[in-house]
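Contents: one structure, followed by commentary.
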There are 2 protein chains.
Amino acid sequence: MNIGDAAERSGVSAKMIRYYEEIALLKPARRANGYRDYGQADVSVLQFIRRTRDLGFSLEEVANLLALWRDRRRPSREVKRLAAKHITDLERRISEMRAVVRTLKTLADQCHGDERSECPILDDFAAPAEIRKVGSARRRAAKRS
Amino acid sequence: MNIGDAAERSGVSAKMIRYYEEIALLKPARRANGYRDYGQADVSVLQFIRRTRDLGFSLEEVANLLALWRDRRRPSREVKRLAAKHITDLERRISEMRAVVRTLKTLADQCHGDERSECPILDDFAAPAEIRKVGSARRRAAKRS
DNA sequence: TGTTGACCTTCCCATTATGGGAAGGTCTAG
DNA sequence: CTAGACCTTCCCATAATGGGAAGGTCAACA
């Protein structure tokens with residue numbers, strides 16, 4: 001089948017299908033006229049890529065997973081290891097983002113959010129509380145010296 | 001002061017300071033020899049950028065926040081609105097990532113993770129449970145017709 | 001048969017935010 | 001005066017994706 005059909009069946013754009021070929025994730029056959037020719041196996045590979053991309057794996061990780069998928073003698077340990085690493089990556093990023101959300105919510109709560117210009121959010125962006133504390137400590141220390 | 005000092009005091013690399021100038025986030029003075037010359041106000045701008053970047057705002061959003069910060073007549077409503085939008089963005093991304101983590105944990109739990117090749121994780125990547133169900137339903141429907 | 005429209009091909013460019021590195025000018029301390 | 005530590009601009013690379021141009025191919029229809 002042509003690339004357009006493969007794109008429709010896999011949910012991967014023709015543009016990206018060509019790119020995945022360029023980085024060697026798949027090698028479709030070519031017809032005499034130069035058109036790429038995709039079989040069911042190729043579509044399966046594209047669906048695999050789509051799925052793993054949707055789960056947040058980088059293309060480098062997808063390539064590794066694809067290699068394991070193709071190797072019938074892989075140890076499932078390897079697959080589980082990659083999945084576990086991705087899970088901890090995600091959990092780290094989630095907790096970082098949750099910390100940011102907590103900070104922003106605290107700041108937003110302190111901001112009137114009306115027509116007045118006074119704004120604790122901008123005040124924090126210009127000099128975060130932590131630094132302001134250190135700054136005050138330094139000023140106090142300076143007075144003493 | 002020179003760019004190196006501004007970098008050290010703001011925690012922004014010299015490379016990025018030049019880039020921020022290119023996209024018009026700040027315009028430091030120039031000395032006769034062509035060197036950029038940063039004052040305390042420039043360093044404050046850089047710290048503002050650093051802080052907002054750390055909080056996950058895009059440079060476009062940073063530019064908007066910076067404009068509000070510079071406008072002494074801004075309504076704090078505007079600032080709060082941008083912060084709230086960023087919070088909901090983050091919360092959406094967090095919940096998406098949490099869903100992925102749940103999926104991956106479920107799959108990893110089903111995988112032995114030993115030397116055997118059998119692996120429910122790869123099975124899912126090749127044909128996610130949802131699709132497998134739809135596929136079976138279709139096959140059952142086909143038998144009936 | 002010829003034309004039209006829907007495909008396909010490759011190639012180049014843009015995006016976001018960051019860093020690497022080269023080639024060359026400037027300044028400062030010894 | 002020279003060495004080393006700065007500074008400048010310019011180009012390139014990254015990751016994953018899309019846009020679009022120029023040109024070849026194919027199928028259907030008049």
Side-chain angles (χ1 to χ4, degrees), chain A residues 1-39 42-43 45-66 86 89-90 93 96-97 100, chain B residues 1-39 42-43 45-66 86 89-90 93 96-97 100:
Chain A
M1 79 189 75
N2 280 346
I3 198 170
D5 291 284
E8 203 168 333
R9 295 190 199 191
S10 63
V12 177
S13 73
K15 210 85 185 186
M16 290 315 298
I17 294 178
R18 292 194 196 96
Y19 176 63
Y20 294 156
E21 177 180 351
E22 196 183 317
I23 62 173
L25 296 188
L26 76 166
K27 305 178 193 55
R30 290 281 183 149
R31 279 198 287 263
N33 60 11
Y35 284 20
R36 291 169 178 82
D37 192 5
Y38 298 87
D42 297 304
V43 172
V45 168
L46 290 170
Q47 285 167 342
F48 184 100
I49 296 173
R50 171 86 203 277
R51 171 68 169 159
T52 48
R53 287 293 296 137
D54 283 351
L55 291 174
F57 289 94
S58 70
L59 282 181
E60 192 183 346
E61 291 166 328
V62 170
N64 294 331
L65 290 167
L66 208 41
H86 189 49
D89 277 4
L90 288 169
R93 285 158 55 193
E96 285 168 5
M97 290 165 78
V100 168
Chain B
M1 78 189 76
N2 280 346
I3 198 170
D5 291 285
E8 202 169 334
R9 295 192 199 188
S10 63
V12 177
S13 73
K15 210 86 186 185
M16 290 315 298
I17 293 178
R18 292 195 196 95
Y19 177 63
Y20 294 155
E21 178 180 350
E22 196 184 319
I23 62 174
L25 296 188
L26 76 168
K27 305 177 194 59
R30 289 282 183 149
R31 278 198 287 262
N33 59 12
Y35 284 21
R36 290 170 179 82
D37 191 6
Y38 297 87
D42 297 304
V43 172
V45 168
L46 290 170
Q47 285 167 342
F48 183 101
I49 297 173
R50 171 85 202 279
R51 170 70 168 158
T52 48
R53 287 292 298 137
D54 284 350
L55 290 174
F57 288 94
S58 71
L59 282 181
E60 192 182 348
E61 291 165 329
V62 170
N64 294 332
L65 291 167
L66 208 41
H86 189 48
D89 277 4
L90 288 168
R93 285 157 56 193
E96 285 169 6
M97 290 165 78
V100 168

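The sequence lines fix the lettering, A, B, ..., with proteins before strands; numbering per chain opens at 1.
- As a whole-Å value, the separation of B/Leu25 CG from C/dT16 P is 13 Å.
- With the nearest nucleotide of DNA chain D identified for both A/Met16 and A/Tyr35, A/Met16 has the one nearer the 5' end.
- Taking atom CZ of residue B/Phe57 and atom P of nucleotide C/dA17, one finds them 13 Å apart after rounding to whole Å.
- No more than 12 heavy atoms of other residues, nucleotides or ligands lie within 6.0 Å of CD in B/Glu8, so this atom counts as exposed by the packing criterion.
- Atom CG in B/Asp37 sits 8.0 Å away from atom CG in B/Asp42 (nearest 0.5 Å).
- The separation between A/Tyr38 atom OH and C/dC7 atom C1' is 14 Å, rounded to whole Å.
- Residue contacts shown for B/Arg36 are limited to sugar-phosphate atoms, with no base heavy atom under 4.0 Å away.
- Taking atom CD1 on B/Ile49 and atom P on C/dT16, their separation rounds to 16 Å, with Å as the unit.
- To the nearest angstrom, C1' of C/dC7 lies 11 Å from CD1 of A/Ile3.
- On the nucleic acid side, DNA chain D contacts chain B at distances under 4.0 Å to non-hydrogen atoms, with the end points of that region at D/dC6 to D/dT9.
- B/Tyr35 meets the side chain to side chain contact (heavy atoms under 4.5 Å, CB included) test with B/Asn2, B/Arg31, B/Asn33; sequence neighbours excluded.
- If you check distances only, the side chain of B/Tyr19 never reaches the base of C/dG19 with a donor-acceptor pair under 3.5 Å.
- Under 4.0 Å is where a charged nitrogen must lie from a carboxylate oxygen, and between A/Arg93 and A/Asp89 no such pair does.
- Side chain of A/His86 to backbone of A/Leu55: a donor-acceptor contact under 3.5 angstrom is found.
- Between atom OH of residue B/Tyr20 and atom CG of residue B/Leu46 there is a gap of 8.5 Å, rounded to the nearest 0.5 Å.
- Residues A/Ala14 and B/Ser58 each lie close to DNA chain C; by heavy-atom proximity, the contact nearer the 5' end of the strand is made by A/Ala14.
- Considering only residues two or more places apart in sequence or on other chains, B/Glu21 meets the side chain to side chain contact (heavy atoms under 4.5 Å, CB included) condition with B/Leu26, B/Pro28, B/Arg30, B/Arg36, B/Tyr38.
- In this entry the distance linking CD of B/Glu21 with P of C/dA17 reads 18 Å, nearest Å.
- Heavy atoms of B/Arg30 sit under 4.0 angstrom from primed sugar atoms or phosphate atoms, though from no base atom.
- B/Arg18 comes within 4.0 angstrom of a nucleotide base, judged by non-hydrogen atoms across all strands.
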